[in-house]
2 protein chains.
Amino acid sequence: MVSPTAENYLKALFSLTAERGEVNITELSHLLQVKLPTANSMIKSLHEQGWVSYEKYKPLSLTPKGKKKAALIVRKHRLTEMYLVDKMGFGWEEVHEIAEQVEHIDSTIFFDRMDELLGNPNVDPHGSPIPDKNGEIQQKNHDPLGVFKPGEKAKLVALAHSSSDFLKFLNRRELLLGAELKIESIENYDNSMVVSYENHPFETFSKVVCDALLVERLV
Amino acid sequence: MVSPTAENYLKALFSLTAERGEVNITELSHLLQVKLPTANSMIKSLHEQGWVSYEKYKPLSLTPKGKKKAALIVRKHRLTEMYLVDKMGFGWEEVHEIAEQVEHIDSTIFFDRMDELLGNPNVDPHGSPIPDKNGEIQQKNHDPLGVFKPGEKAKLVALAHSSSDFLKFLNRRELLLGAELKIESIENYDNSMVVSYENHPFETFSKVVCDALLVERLV
DNA sequence: ATAATTTGTTAGATTAACTAAACTTAATAT
DNA sequence: ATATTAAGTTTAGTTAATCTAACAAATTAT
Ligand SMILES: [Mn+2]
Ligand SMILES: [Mn+2]
Ligand SMILES: [Mn+2]
Ligand SMILES: [Mn+2]
């Protein structure tokens, strides 16, 4: 129905439109690392096939049909990542590249079995939600650690993004999803936070890091 | 380096050349379900890239480099099938279609981990040998059940082919790899064999079936 | 030996995915 | 208001993978 290439376009549109609901082709072409005319002509074709709403010179968005399609690819991606971590012992920083390929496999039984063996998880190893079989996604609105005050406690539940560098940064500090963080103090100078968690008393995290750590308040 | 399409051509050549060492383009095009000129032009391109030995109007073969490449794709295919059966609970008749896609994934760590989790198996779920990391394959020369005589015993160790219909046929008769077969009698009329094995006394197998069951003699 | 058939090749087209270059429209700065 | 810049589109051309139709070579049958 759609090629892996087209699937990657839909997925890119899905994440780019997640907040604003609209994207321009330039952003899309940057994310996908293709030239502007390449993205332009693919968009025309996706529009003709009913995946994308689009008028010349206007920003674009996914149709409901396109959004569902994209969510189901994201589902395959995130199930795969979860499977690779939970069942095959990969680190959370190793799985994205593999999932980027596995997500294009066309086999209902394969992904259904993964889902079953994992016990129908609803988040991937980075805390991102896994859309259900209908492409519905329940967006949790987590706060970044940065909004908390000294003395408060919070549990790490997700990451704002999962770049390899960020994941390795967290690995080096043994900070995992589920960790209970206590804010010890905040530096006025650069808004960095001093935080304690299991076996790591008084770690200092820059503002950049704190904004990427998504947490839930504890008691 | 090579596209999934080209990988499928190499794999097809690998299996077609397994016995005779040479194939003609017509056979190849039939196996791959493409028209003759399509195969012809792909062969020209694979020849230019050094994967295939080829002269106009002559039958073709894989170069050593092409043979190794193909064996490594077969390795990924068979490891995948083994993984799907052993670790994910699929039936041996369900795995080929999935493996046909997974074999094109480009990730050393992924297949190395599969191999490791499986304990470095040397056969796939149908008893076909898994080439090693250098593309070396140790071809066991198994006998078909058809060459045995009444009163003899043999262990089922592989299948001459793994078509879905054949696998379902075996499923219905609960005949698995490793089964110990005793030849009870042979019908002169159609060369069918009457065979007993665990919980299945006196099953009759046609000549076609007997030739596809590869066995090892027991004491 | 010649004809018929099978097998393989070439030519010409199409579609998908991509690019560079040229052009147009929209946004922004002076 | 006009010039400059940014964003988007079109055109023309490439490569990979496929096809149909026409043709050529090799094999088999008469
Ligand atoms: Mn990912
Ligand atoms: Mn992908
Ligand atoms: Mn197979
Ligand atoms: Mn394949």
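Convention: sequence-line order gives letters A, B, ...; per-chain numbering from 1. As a basis for the values below, the full set of heavy atoms in this structure was taken, side chains included, without hydrogen atoms, waters or symmetry mates.
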Item checked: Protein proximity profile, nucleotides 3-9 of chain C - base contact B, sugar-phosphate-only contact S, no contact -, cut-off 4.0 Å on heavy atoms -> ----SBB
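- For the segment residues 2-16 of chain B, the set of residues with a heavy atom within less than 4.0 Å of an atom of DNA chain D comprises B:Ser3, B:Thr5, B:Tyr9, in numerical order.
- Residue pairs meeting the side chain to side chain donor-acceptor pair (under 3.5 Å) criterion with at least one member in residues 57-68 of chain B: none, sequence neighbours excluded.
- A:Arg113 forms a cation-pi arrangement with B:Phe90, by the criterion of a distance under 6.0 Å to the ring centre and an angle within 45° of the ring axis.
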Expected list for residues 30-43 of chain A: side-chain donor-acceptor pairs under 3.5 angstrom, two or more places apart:
| from | atom 1 | to | atom 2 | distance (Å) |
| --- | --- | --- | --- | --- |
| A:Ser41 | OG | A:Thr38 | O | 3.3 |

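- A:Ala160 meets the side chain to side chain contact (heavy atoms under 4.5 Å, CB included) test with A:Ala212, A:Leu214; sequence neighbours excluded.
- Judged as a salt bridge (Lys or Arg N to Asp or Glu O under 4.0 Å), not a single pair has a partner in residues 140-149 of chain B (not counting sequence neighbours).
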For residues 116-133 of chain A, which side-chain N or O atoms pair as donor and acceptor with protein atoms under 3.5 Å away, sequence neighbours left out?
| from | atom 1 | to | atom 2 | distance (Å) |
| --- | --- | --- | --- | --- |
| A:Asn120 | ND2 | A:Asp115 | OD2 | 3.2 |
| A:Asp124 | OD1 | A:His126 | N | 2.6 |
| A:Asp124 | OD1 | A:Gly127 | N | 3.1 |
| A:Asp124 | OD1 | A:Ser128 | N | 3.0 |
| A:His126 | ND1 | A:Glu81 | OE1 | 3.2 |
| A:His126 | NE2 | A:Trp92 | O | 2.9 |
| A:Asp132 | OD1 | A:Asn134 | N | 2.8 |
| A:Asp132 | OD1 | A:Gly135 | N | 3.1 |
| A:Asp132 | OD1 | A:Glu136 | N | 2.9 |

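- Residues that satisfy the side chain to side chain donor-acceptor pair (under 3.5 Å) test with A:Glu100, not counting sequence neighbours, are A:Lys11, A:His96.
- Scored by the side chain to side chain donor-acceptor pair (under 3.5 Å) test, A:Glu216 finds no partners at all (sequence neighbours excluded).
- Every residue two or more places apart in sequence or in another chain that forms a ring pair (Phe, Tyr, Trp, His ring centres under 6.0 Å) with A:Phe166 is listed here: A:His161.
- Bracketed by its first and final contacts, the part of DNA chain D lying under 4.0 Å from non-hydrogen atoms of chain A reaches from D:dA7 to D:dT10 in 5' to 3' order.
- For B:Asp211, the side chain to side chain donor-acceptor pair (under 3.5 Å) criterion is met by B:Lys207, not counting sequence neighbours.
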